[in-house]
Amino acid sequence: MINRKAPPAIIDATDFQLTLKPAEKYTLDNGVEVYAVHAGSQEVMMVEWVFFAGNSYEEKNLVAAATNGLIKNGTSVKTAFQINEHFEYYGSHLNRSCYNETSTLTLHCLDKHIADLLPVVRELITDSIFPAEELDVFKQNMKQRLSVNLKKSDFVASRMMDVYLFGEEHPYGKYSRHEDFDALNREELMAFYDQYYRHGKCVIFAAGNLPAQLPQLLNNYFGTLSLNAPVISAMPKHPLHPAPGAGQPIRVNNDPDSVQGAIRIGKLFPNRHHPDFMKMQVLNNLYGGYFSSRLMSNIREDKGYTYGIYSYLQNHIQQSALIVSTEAGREVCEPTIKEVYAEMNKLREELVDEEELSLVRNYMIGTILADLDGPFHILARWKNILLNGLDEKYFYDSIHTIKTVSAEELKGLAEKYFDPASFYELVVV
Amino acid sequence: MIQFERFVLQNGLRVLVHPDNSTPMAVVNVMYDVGARDEDPAKTGFAHLFEHLMFGGSVNIPDYDEPLQMAGGENNAYTTNDITNYYIQLPAENLETAFWLESDRMLSLAFSEKSLEVQRKVVIEEFKENYISKPYGDVWHKMRELVYTTHPYRWMTIGKELSHIEQARLEDVKQFFKKHYSPSNAILVVAGNIDTPKVKALAEKWFGDIPSGHKYQRNLPQEPEQTAARRLTVNANVPVDALYKCWHIYPRLDKRYYTADLITEILSGGGSSRLYQRLVKEKRLFSHIECYHTGSTDAGLLVIEGKLVKGIQMEAAEAAIDDILSQMKKEVVMEIELQKVKNKTESMIAFEDMSVMNRAGSLAYYELLGDATLMNTELQKYHAVTTDEIRQECNHIFREENSSTLFYYSNN
């Protein structure tokens, strides 16, 4: 008979040697940098064009997002339909995303089709015309989507929290209103496109089972364009304007019929370059970052107030924030908040024991190990490192921190950052 | 081509092994042959609630998550109308921890009163979060009841109503476990950086002595053929009107399933698809429209759903959809359009198969359907679909008497 009570021997996850597969770097004729991770067994790949064209660069709300959103809606020789048909015929996906600092075009395709797809990506970067009727449809549909989102308490709570943290004028706090969509016009999009795409600053990332001729193809199609503008700073600075109100309950009634409240409890936290950042990742995991965290164990697994509760550090380049986020039954919102603070206080007052600390260390290392699996994940890590102005030392330092941070250091960190009175406390029902 | 080996333990547990040494990780996937369709109509939501209880401690292991996290592993689970699936990913060196955990909860749960009490509340919050608080959150509760008169696809996995979850008793939990959670009703897939002899030895060691249990004989009431169109109108506190239409299609193993799947891609598989191009871009009747199918094991549904542009009448929007479907019935699609959706399917399969976890889950599901090698013949079946078959199936599926329509009006 086997002894089912005794766990099998394990190799402690913290004993694994993690290595980040290097990204190959090369430069196109125009100076545009390419980072490539060649790995994987399936004949699939992705290429991402990252432009410094996020909403930090716009002068009017939504111009960056609208430019990005409509970049594949027409060129001087192709309609939106023809562009979509081209990418879809080859079974590929061309996605666009607009963030705060950057804005991207991302192509996923089978290797065998790459040569048929790159010329059309080039066309989008050099020759988009933003037809007026496409902009009209975009405005109308985005406004309807906004109306639906505004009925969701979690959507309303998240954007209100961003305004409290960063201020309405800051790229991280700005939000979309119906009138902002109405105010968009084609000329502004064209101007933004011309400055930040056609003559912008671009970095290219590629991953997958990459074909040998990829560097040549990229150079042919993108190496002669003016995509390396030195005047565009990778990190435009915007002043923060946090609102008053930290330490005070903020309660908002968005929907009288709602059966749940969206709870957001947050405060500003420095970015990745700050010496506390990596240690805070560990403290955050312990507190609310994974399934066995303090918040989850107490508020979901013991009290059943919510389907899930998490804390996290916002993934921003310039300035991060620490947020606790959950949806809880309307009648248990206040008891939930009480427990959120009780768990903060416990971490400020008591040292975490070695068993729990090693659990969180192992969990975090395990996640990184799983996350280093496959070319797209590896590239995502590189992208994050590079766009945050870091290097691979950051990766190895993080692992070292996870393995070595002490209970005393975590308590010190909790004392420094987990003062309930320093958090904005928001409930939207 | 996905390579795998298959063996069966004496107690009836089917085991599939899929080595892939390009990853440092191992995946252990346990699929149980039970879903919401197997529930008592008076106790719906039970399969899913039960999935939560599977994390509440087993007979010899009080806490499931912590030992796994110590071994650097992650896990999750999901319940559908057809199946319940549990999966673990962990460093291959620690594979045995996954065997230990999964075998103990197949052997027996702890059946703790406290765990049931808490998970009832958690699931009720999950119900509220996804189906009550969200605008349009109740659509599929209503739609399923309209479309299915008999088959247990009538209710959603979360359950028909909150009271069914509130009333779940520990006795029900024990019976459910006994009926469905045993080697004869499960499939174990082990994939990643592993080798078959080692998996065989571990499977024997940890699962070999679990009593086989009774093979569950599924005998579900089948949905009679629909003979008249059904309609339902709802008014709700939502910002824009929405339109939903459903048609019965085919079981997962029916050859015509692939044709139906490609029809949904032609109608809404992207920016160049018919519904989007005509109704969102050209006619501007919808701000959003999509077509998909439910992908269920028994005969599922093909669905078209869209949100109307403010000021557009529901009847006009519906007529425009009908026009597009009529055209699909009359004229064969162009070869190039069919080729496009086949290419897309090929690409989708390749991307899905990048992940060992997806491959393990798919192997388990195909094995449950009858034969894991089906996984390797899917693409051929899509390639074999012809333009004539597309037209023929459009005529068969999009019959008025096969349809159910929901007008979901905004009160605002």
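Since the model is a prediction, treat every value here as computed from it, not as a measurement. Chain A is the first sequence line, chain B the second, and so forth, proteins listed ahead of strands; every chain is numbered from 1.
- Taken from OG in B/S133 to CG in A/D255, the straight-line distance is 8.0 Å, to the nearest 0.5 Å.
- B/V59 touches chain A through its backbone: at least one of N, CA, C or O sits under 4.5 Å from a heavy atom, while the side chain does not.
- Between A/E327 and B/K134, none of the side-chain N atoms (NZ, or NE/NH1/NH2) sits under 4.0 Å from a carboxylate O, so this pair counts as no salt bridge.
- Taking CG of A/D15 as the start and CD of B/E93 as the end, the distance is 10.5 Å to the nearest 0.5 Å.
- Contacts between B/N237 and chain A at a heavy-atom distance below 4.5 Å involve backbone atoms as well as side-chain atoms.
- Listed options A/G40, A/G208, A/C109 were ranked by heavy-atom pairs under 4.5 angstrom with chain B; first place goes to A/C109.
- For the pair B/P24 and A/D373, the minimum side-chain heavy-atom distance is below 4.5 Å.
- Shortest non-hydrogen contact noted between B/G72 and A/A13 is CA-CB, 3.9 Å.
- For A/A262, no part lies near chain B; criterion is any non-hydrogen pair under 4.5 Å.
- Looking at B/V118, the atoms closer than 4.5 Å to chain A (heavy atoms on both sides) sit in the backbone and in the side chain alike.
- Heavy atoms of A/F376 lying under 4.5 Å from chain B belong exclusively to its side chain.
- For a residue to count as touching a neighbouring chain, one of its non-hydrogen atoms must lie under 4.5 Å from one of that chain's; by this rule A/M46 does not touch chain B.
- Note that the CG atom of A/L110 and the CD1 atom of B/I349 stand 10.5 Å from one another [nearest 0.5 Å].
- With a 4.5 Å cut-off on non-hydrogen atoms, A/A39 does not touch chain B at all.
- Comparing A/G91, A/P8, A/S358 by heavy-atom pairs within less than 4.5 Å of chain B, the highest count is held by A/P8.
- At a 4.5 Å heavy-atom cutoff, the contact between B/Q119 and chain A is made by side-chain atoms alone.
- Heavy atoms of A/D136 lying under 4.5 Å from chain B belong to its backbone as well as its side chain.
- Of the two parts of B/D209, only the side chain, counted from C-beta on, holds a non-hydrogen atom closer than 4.5 Å to a non-hydrogen atom of chain A.
- Side-chain contact check for A/Q260 versus B/E129: some heavy-atom pair is nearer than 4.5 Å.
- Looking at heavy atoms from C-beta onward, A/P375 lies in side-chain contact with B/M354 at the 4.5 angstrom threshold.
- Residues B/H288 and A/N141 fail the side-chain proximity criterion, which asks for heavy atoms closer than 4.5 Å.
- Using a 4.0 Å cut-off between a side-chain N of Lys or Arg and a carboxylate O of Asp or Glu, A/E331 and B/K128 qualify as a salt bridge.
- Between B/S103 and A/R4, some side-chain heavy-atom pair lies under the 4.5 Å cut-off.
- A heavy-atom distance below 4.5 Å is not found between the side chains of B/K121 and A/R300.
- With a 4.5 Å cut-off on non-hydrogen atoms, A/E301 touches chain B through its backbone and its side chain both.
- Proximity to chain B is limited to the side chain of A/M1, based on heavy atoms less than 4.5 angstrom apart.
- Neither the backbone nor the side chain of B/L202 comes within less than 4.5 Å of any heavy atom in chain A.
- For A/D111, no part lies near chain B; criterion is any non-hydrogen pair under 4.5 Å.
- The distance from the CD atom of B/E125 to the OG1 atom of A/T326 is 8.5 Å, given to the nearest 0.5 Å.
- Among A/E85, A/Q144, A/K151, the residue making the largest number of heavy-atom pairs under 4.5 Å with chain B is A/Q144.
- With a 4.5 Å cut-off on non-hydrogen atoms, B/Q277 touches chain A through its side chain but not through its backbone.
- Residues B/W206 and A/I2 approach most closely at CE3-CD1, 3.5 Å, considering heavy atoms.
- When heavy atoms are compared at a cutoff of 4.5 Å, A/K72 does not approach chain B at all.
- For B/E66, the parts lying under 4.5 angstrom from a heavy atom of chain A are both the backbone and the side chain.
- The aromatic rings of B/H52 and A/Y307 lie tilted to each other, with the angle between the two planes from 30° to 60°.
- Proximity to chain B (any heavy atom under 4.5 Å) is shown, for A/L369, by both the backbone and the side chain.
- Using a distance-only test at 3.5 Å, with no hydrogens or angles considered, a donor-acceptor pair links the side chain of A/E88 to the main chain of B/S272.
- Residues A/Y290 and B/E74 have side chains not in contact (no heavy-atom distance under 4.5 Å, counting atoms from C-beta outward).
- Here the straight-line distance linking atom NZ of A/K112 with atom OG of B/S347 works out to 9.5 Å at 0.5 Å rounding.
- Put simply, of A/Y305, A/F291, A/F87, A/F16, the one with the most heavy-atom pairs under 4.5 Å next to chain B is A/F16.
- At a threshold of 4.5 Å between non-hydrogen side-chain atoms, the residues A/H93 and B/K344 count as touching.
- Highest contact tally toward chain B, considering only A/V360, A/T306, A/L359, is held by A/L359 [criterion: heavy-atom pairs under 4.5 Å].
- To the nearest 0.5 angstrom, A/Y89 atom OH is 5.0 Å from B/Q339 atom CD.
- In this structure, the side chain of B/K114 engages the main chain of A/D302 through a donor-acceptor pair within 3.5 Å.
- Residue contact with chain A, scored on non-hydrogen atoms closer than 4.5 Å, is absent for B/F99.
- Contact of B/L107 with chain A is made through the side chain alone, with heavy-atom distances under 4.5 Å.
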